[in-house]
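To keep things clear, I will list the structure first and then write my remarks on it.
Fair warning: this is a prediction, and the values are worked out from it, not measured in the lab.
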Amino acid sequence: MTHSSAAPLRLALRLAAPDTADALAERQRPALLAALSDRFGLPEEMIETLTGPDGAALRAALDADPEAFLIQAAGSGDPVIAPAVWKARYRIGRGRTRRARDLPDLLPAILGAADVTDPRWEAEDGLVALLLKEATPVELLPALTGPFPQLISYTLVRLSRFLPLPVALDACVALVQLAGGEGLLAFADGVEQTPDFDPGRPELLEVMRAAAADADPEAFLRERRPAGEWTDPASLRALMRVRIGVGVVAKPAALDWELVRREHARLPFGTGRSSGNHLSQLTRWEGCPDDLVMECFRADPWSTSQIAAGLPFEALVGPEVAAGRVRFDEALGRGIRTGRLPVDRVLAEVAPAAEVLSALPYDHEPTRKTLAGLLGRLGTDPVNWLTCYARMGRARGSVAELIEDAAWADSRAKPSTTWPRPLEAVFPATPPEASRAAFLSLFQCASEEAQIAVVPHFDPRAVQHLLVYGDPAPAVRDAVFAAHGVPAQAAQAATTALSPEKLAYLLDLDEPQVDANLFFHCRLDDGERERMLAGRLRGGGTRDVPEELLRAMRETNLGHYRSRLIAGLESGDPGVARTLVERLRLRLPAARLRLLAAVWERGGPDAVREILAMDRFPVTFRRQTEKLLGLPDGLERLRVRLAEEEDPAKLVAFLSKPPGYGSSQLHKLTSEGIPLPWPELIAAHRSGALAAAPAEDLAERPDCPREILLALLPHAPEIGRYNSSWLQLALRRGALTPEDVLTRAAPANRALAHLLRLLNSAERPADRQELGTRAAALTAERLGTDPETWAVCLQLLPTFAGTLTELCASAGATVRRPA
């Protein structure tokens, strides 16, 4: 049994009352042991040894965190279990390559419980041999003070170059305690005779020899060990991981930066790319000393400015900035928010201004306030603002210098009285870049009075950027529209990045070009598109659909947005109908008749003649329709034909036909705007006239009636990898409830899989708790407290064809049946 296949048993043990669950766990011991073996990567017999005979312990293990369980198992002191626990790191590892999980507490737990008098620890298949064969240097750190001299010596050889002296002396003390001074002497002799071995610290071997010669080697070593240094295992482990270059390393809480400085002075961390730039890892940590950050920065300013938790102010005003080797986009925001970089000095001293303005954290109120104070120097004179923007891209000085230069009346440079290098708006809108982005951010920190005075002088592109990507106050927005008119409103509408408030404002305008851009670029609901294409105004009344909107219809990509044109099927507007017929091949007679009936009702028979003259419909259909145009009751007869084509029985029969190649029958109907006859579909499904495949297609629609969903539950679909089955969709939108699945869905194993997915995918803990409480109440009502009933229920589950409720009833009946 795998861990995933044990899900029903696991759920049963969670839902049953504690005493019942314990008894059930005892009955299901073989299955539980198999599931736990898969979960923890240990043999079943070891699981049984570790958990004991108690059912409650087995049940608790099923919900235990794998890492915590392995660490607890590591403390058993069993020399047979220890190697298996060490290998199990791979079994619970993540990813395709099954890398070993990083468990820093695992080896200390094993070594702390080991009885070194048991020879199995150092046997050929024992833990010591296993560690010598496969453990990484970082994993071996706890062995330096462990109970095995061989491991201490081996680890010292591998790590002595990187170890702080206090840690190396601690290892020597441990070696003395286990092997006496002779052990130190043997180690020193052995490494000196090893060819090409560089311990990185010759003084360590000298200390070892001196200690071995002393009457009390342990006291000799302890006297030379600096007190309190490198005593935190997490700090030592982090240091070693940085030294060796093991990915991104988290900063230990107890890290002493002064000790890190000394280690860097003794054996510098690499700073160049060829050496791995291990120093850059330290700069990611909050509180990294400025001197270490600056050393890394000088070696690689570009990368350091991106990854360092905080740059010293001197890094922002040095030659690297002037040479363009620094990016501010991350560094400034982090530094200002944490208070490491004073915003007033950044604005006054850091350059160039455009890059600083692009990188400022504008959601940081002190930043906005300080910048607003500087902008007061520009006042409400548009010339000052236009000059500021014109000089921004070439300015090499700070933000404060840029503003002062723009506002200085006696400046040698000629001021700008018009927008420099004006550009038209683009469709769709694109975000501002470079100086335009910097100016937009700067401008929105100005006073409302200044903004109102300046926006009339914006070019069309700047207007679009302000309206789409900015957040102007209503008075500023009104000033923009008063100065730039409908083109500004149309430019704002050419984007999907509109808030509901902005969208409602633009829709209320009922401007043709604005509506056209909203239709083409924006995410509108179907009702709004139908209103636009029918010519109905938000403010009341109707109009002929304007040419701008018809042009948007002609330019719409049918591969992605066919439904946007179908929204005009019942418009009745001749221009919309002509455009729709030009662009779409309406394959269903019902769609053609629906379009022509609306055109006739709005424009009369002549308008219909124009549509038919386009020669886009089959000859027979066109001739039949033309005969009706001169009849007094022609429109009524056309509607009769439409009713015949949309007869519910005919639509139900159409849906039940095999789809053949391409789209489903349901898609063919809905893609041509044909409304679904839900009452008749319900009746057809109830009578068996509607096949299963189209019924499941219907179930995926958000408007599918609950009755159809309930009728489909006896044939529940497979769970689906991405929660995409109709049953999961219905559960998520609330059209079906967990009780529905419990009492109606079959077979039982699929129903349970859907309930488990719902339980595990609930986004809020409160939702999960509520679902769990309801499930516990329902199962308690149906299964009671007899563990035999629960066990039979689990036994029947894989092959039971009925519902979960029926399964519970069958389990109870089986248990109560006389022998």
Determine, for R536 against D544, whether the closest basic-nitrogen to carboxylate-oxygen distance falls under 4.0 angstrom. no
Rounded distance [0.5 Å steps], CH2 in W385 versus OG1 in T380: 10.0 Å
Taking only Lys NZ, Arg NE, NH1 and NH2, and the carboxylate oxygens of Asp or Glu, determine whether D526 and R529 approach each other closer than 4.0 Å. no
Whether Q492 side chain and Q464 backbone form a donor-acceptor pair below 3.5 Å: no
V356 side chain reached by L316 side chain, heavy atoms, under 4.5 Å: no
Taking 4.0 angstrom as the limit, do D525 and R531 come out as a salt bridge? no
Would you check if P420 and Y389 make a side-chain contact, meaning some heavy-atom pair closer than 4.5 Å? yes
Does a donor on one side chain and an acceptor on the other come within less than 3.5 Å for H484 and Q489? no
Taking the cut-offs as 6.0 angstrom to the six-membered ring centre and 45 degrees off its axis, would you call R477 and Y505 a cation-pi pair? yes
Among T283, D290, L311, L292, the one residue meeting side chain to side chain contact (heavy atoms under 4.5 Å, CB included) with F297: L311
Carboxylate-amine/guanidinium contact E528 R538, below 4.0 Å: yes
Spell out, as yes or no, whether a donor-acceptor pair under 3.5 Å connects the side chain of S571 to the backbone of L533. yes
Tell me whether the NZ or CZ atom of R368 lies within the 45° cone about the ring axis of Y362 and under 6.0 Å from its centre. no
E610/R578 ion pair, N-O < 4.0 Å: yes
Could you pull out the closest heavy-atom pair between A351 and R396, with the gap in Å? CB-O, 3.0 Å
So which atom in A493 and which in H521 form the shortest heavy-atom distance, rounded to 0.1 Å? O-CB, 4.1 Å
With a 3.5 Å cut-off and no angle check, do the side chains of T387 and N384 form a donor-acceptor pair? no
Quick test of your reading of the model: are R461 and E424 salt-bridged, counting only N-O distances below 4.0 Å? no
Charged N-O contact under 4.0 Å between E672 and R587: no
Among residues at least two apart in sequence or on other chains, which ones pass side chain to side chain contact (heavy atoms under 4.5 Å, CB included) with A462? W419, R436, F458, D459
